[in-house]
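Below is one structure, written out as structure tokens; the observations come after it.
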Amino acid sequence: MTTELLKNFVAGQWQAGTGEGTLLTDPVTGEALVRVSSAGLDLHAAFAFAREQGGAALRAMTYGERAALLKAVAGVLTANRDAYFSIATANSGTVQTDSAVDIDGALYTLGQYARWGAALGEARVLLDGDAAALAKDNAFASQHLRVPTRGVALFINAFNFPSWGLWEKAAPALLAGVPVIVKPATATAWLTQRMVADVVAAGVLPAGAISIVCGSSAGLLDALQPFDVLSFTGSAETAAVIRSHPKVAAQSVRVNIEADSLNSAMLLPGAAAGSEPFELFVREVVREMTVKSGQKCTAIRRAFVPEALYDAAAQAIAARLAKVTVGNPRNEAVRMGALVNREQWQTVQDGIAALSTQTEVLFDGRQAPLIAADPAAAACVGPTLLGTRNPEAADKVHSLEVFGPCATLMPYRDTAQAAALIRRGEGSLVCSLYGDDPAPLAATATELADSHGRVHVVTPDVAKLHSGHGNVMPQSMHGGPGRAGGGEELGGLRALAFYQRRAAVQASPAVLAALGTIQAPY
Ligand code: NAP
């Protein structure tokens, strides 16, 4: 049976790409699902339509009106939620709870931005800070403003979050007043395309506010103009290509990069084996290794414990990993589904083999039997815990991201050494700390804040209510310095700044008073 060729939505129309396209498959069964193609699209016309029609319509609205658009989008997606879970099972190979991280995470993020935007009400212009005097008695002053950029926001996304990856960017962009064009990763583009199709069919967004290009990225960056912005999520290699593209390098197209990351978890000194902080640490390491089969940019890759607890931690983590059942996500006995495809499966196997040259294997899930899946064809791999007693010498552990269910356990001598080892990740998205003494936890969080976008501190009193090491909450900034890409997303209304231009207006108090109605709350 021929598979459907998914259409692209550009210039206000559904348009099929030319050629056979690229086939998307079920990573467990190998079944052919749908095809995508962006070949032959007039991308310059697509960008011009979004810029001119979508941008003008969004800029004509107040923040409150744009917030209402987000609420309407969330309503459409909620109504179609079941279909999204079916697509995620088939195309991403994820169990329901893992699909929910992507799908419900998007709904939650849209809902938050709708609420925050509604609070800005009738405002059209955001004031940035207070007016600064430029003359005696404040008779002439400088006031900074934030206004939406008159371009499009191009999103180039990674395969692991086809839903959240779109909406965590689109919510602040649309609220800021900027139209979006999304190019999902080819491997899992189906879910993103279906969501956009539902939103378009419901007619809840103005023409040109959202467009989708599925398939190759060829030509997308060439269509960028100086007032456009580009938000990229993906590997460090692709990020480097994007950074050196002439449109970015020579035309100052603003770019946000969310790249890979060797995130850490650290059990602070003072917690005994079996203590509550120890157990919380163990539970979180296991959860992060196994949620979405470890295919989360925020997942724990490096786990640090005081030297005396290395063996106890290895045993406790291994005991929990041994209970993780792996295989076909349609089978209710399965707790962890597949990697995105067999190619990633091979990359993960190669990555574990490379790390194993400098580490010992503390738990090997690779040989465990799969449930309802053919090990020769399915992209399933059991969790693997590696370890080394000599973390200073094991340089690969601090530089190679294995994008799968694998982490490395390491002992540290003292807090200073742990912090130095964590920093060898050269900038990460998140680090989590476990303990029960507030002062050293706060000191370590501050010490590590410069090299992370987020520090997540778990103490026994928040055991049941903390949001999780790897969960990206719209209230907190997502991004990280250095290797993590140097980007910043989310963090409440701070996210709008990327889609806005800041300008100073120098004028009399009367003119400044007439400028805008609301102070930017960030
Ligand atoms: P990837 O191979 O870099 O692909 C990311 C996106 O870039 C895809 O849409 C891809 O399209 C596109 N692309 C590939 N080559 C391109 C080029 N020359 N010009 C423009 N676009 C191009 O990454 P991935 O394998 O999908 O994702 C896994 C990586 O993403 C991991 O390293 C992970 O850590 C990182 N990640 C980071 C975050 C974060 O928020 N920091 C979140 C999720 C994932 P095709 O799919 O069509 O090739």
Side-chain angles (χ1 to χ4, degrees), residues 74 78 81 94-116 119 161 163-164 167-168 171 263-292 294 296-300 303-305 313 316-317 320-321 323-324 335-336 407 428-449 452-480 489-495:
T78 303
R81 187 172 163 275
T94 38
V95 294
Q96 291 280 305
T97 47
D98 288 356
S99 303
V101 177
D102 188 29
I103 296 165
D104 291 337
L107 293 173
Y108 177 71
T109 304
L110 274 163
Q112 282 298 330
Y113 277 95
R115 273 188 284 282
W116 289 325
F161 281 105
S163 163
W164 176 83
W167 299 112
E168 62 104 9
N263 314 292
S264 306
M266 175 185 172
L267 177 64
L268 264 70
S275 65
E276 212 177 339
F278 177 91
E279 294 299 337
L280 288 167
F281 167 86
V282 167
R283 195 184 310 160
E284 204 64 8
V285 170
V286 171
R287 189 157 66 152
E288 287 297 314
M289 287 177 71
T290 54
V291 170
K292 286 177 75 65
K296 268 177 33 253
C297 52
T298 51
I300 296 169
F304 295 92
V305 291
I317 296 169
R320 279 180 180 259
L321 290 177
K323 294 186 194 143
V324 176
R335 197 174 129 196
M336 192 172 95
S428 303
L429 296 169
V430 53
C431 169
S432 54
L433 307 177
Y434 305 78
D436 52 13
D437 189 350
L441 285 166
T444 311
T446 311
E447 168 79 14
L448 291 169
H452 296 85
R454 181 162 61 85
V455 182
H456 182 81
V457 183
V458 181
T459 45
D461 54 326
V462 298
K464 291 207 165 54
L465 45 93
H466 76 92
S467 48
H469 164 108
N471 286 341
V472 177
M473 307 302 287
Q475 293 86 346
S476 299
M477 195 184 94
H478 174 59
E489 290 180 337
L490 300 171
L493 288 168
R494 287 176 190 84

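Only this structure's heavy atoms are used, side chains among them; waters, hydrogens and symmetry mates stay out.
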| request: Answer whether the closest heavy-atom distance between the side chains of R494 and M477 falls below 4.5 Å. | output: no

| field | Which atom of N263 lies closest to which atom of C297, heavy atoms considered | value | ND2-O, 2.8 Å

| From CA spacing to verdict: side-chain contact (heavy atoms from CB on, under 4.5 Å), E284, H466 | CA-CA 11 Å; E284 204 64 8; H466 76 92; 3.7 Å; yes

| said: Rounded to the nearest 0.5 Å, what separates atom OG in S428 from atom CG in L448? | reply: 9.5 Å

| remark: With sequence neighbours left out, the residues meeting side-chain contact (heavy atoms from CB on, under 4.5 Å) with Q475 are Y108, Q112, W116, M473

| task | To the nearest 0.5 angstrom, please state how far the OG1 atom of T459 sits from the CG atom of L441. | result | 7.0 Å

| query | If every non-hydrogen atom of L429 is compared with every non-hydrogen atom of G480, which pair is closest and at what distance? | reply | CD2-N, 3.7 Å

| message | Could you work out, with side chain to side chain donor-acceptor pair (under 3.5 Å) as the rule, every residue matching R283, not counting sequence neighbours? | response | none

| So how far is it from S163 OG to I103 CD1, rounded to the nearest 0.5 Å? | 6.0 Å

| task | List the steps and the verdict of side-chain contact (heavy atoms from CB on, under 4.5 Å) for L321 and T290. | result | CA-CA 8 Å; L321 290 177; T290 54; 4.1 Å; yes

| request: Give a yes/no verdict on a cation-pi contact between K296 and F161, requiring under 6.0 Å between NZ or CZ and the six-membered ring centre and an angle within 45° of the axis. | output: no

| request: Any side-chain hydrogen bond (donor to acceptor under 3.5 Å, both in side chains) involving residues 431-444? Give me the pairs, sequence neighbours left out, ordered by first then second residue. | output: S432-Y434, S432-H469

| said: To the closest 0.5 Å, what do you measure between CZ (F281) and CG (L433)? | reply: 10.5 Å

| message | On a heavy-atom basis, which atom in K292 and which in D98 lie closest, and how many Å separate them? | response | N-OD2, 2.8 Å

| Separation of T97 OG1 from D104 CG (nearest 0.5 Å) | 11.0 Å

| Distance (rounded to the nearest 0.5 Å) between L267 CG and L280 CG | 9.5 Å

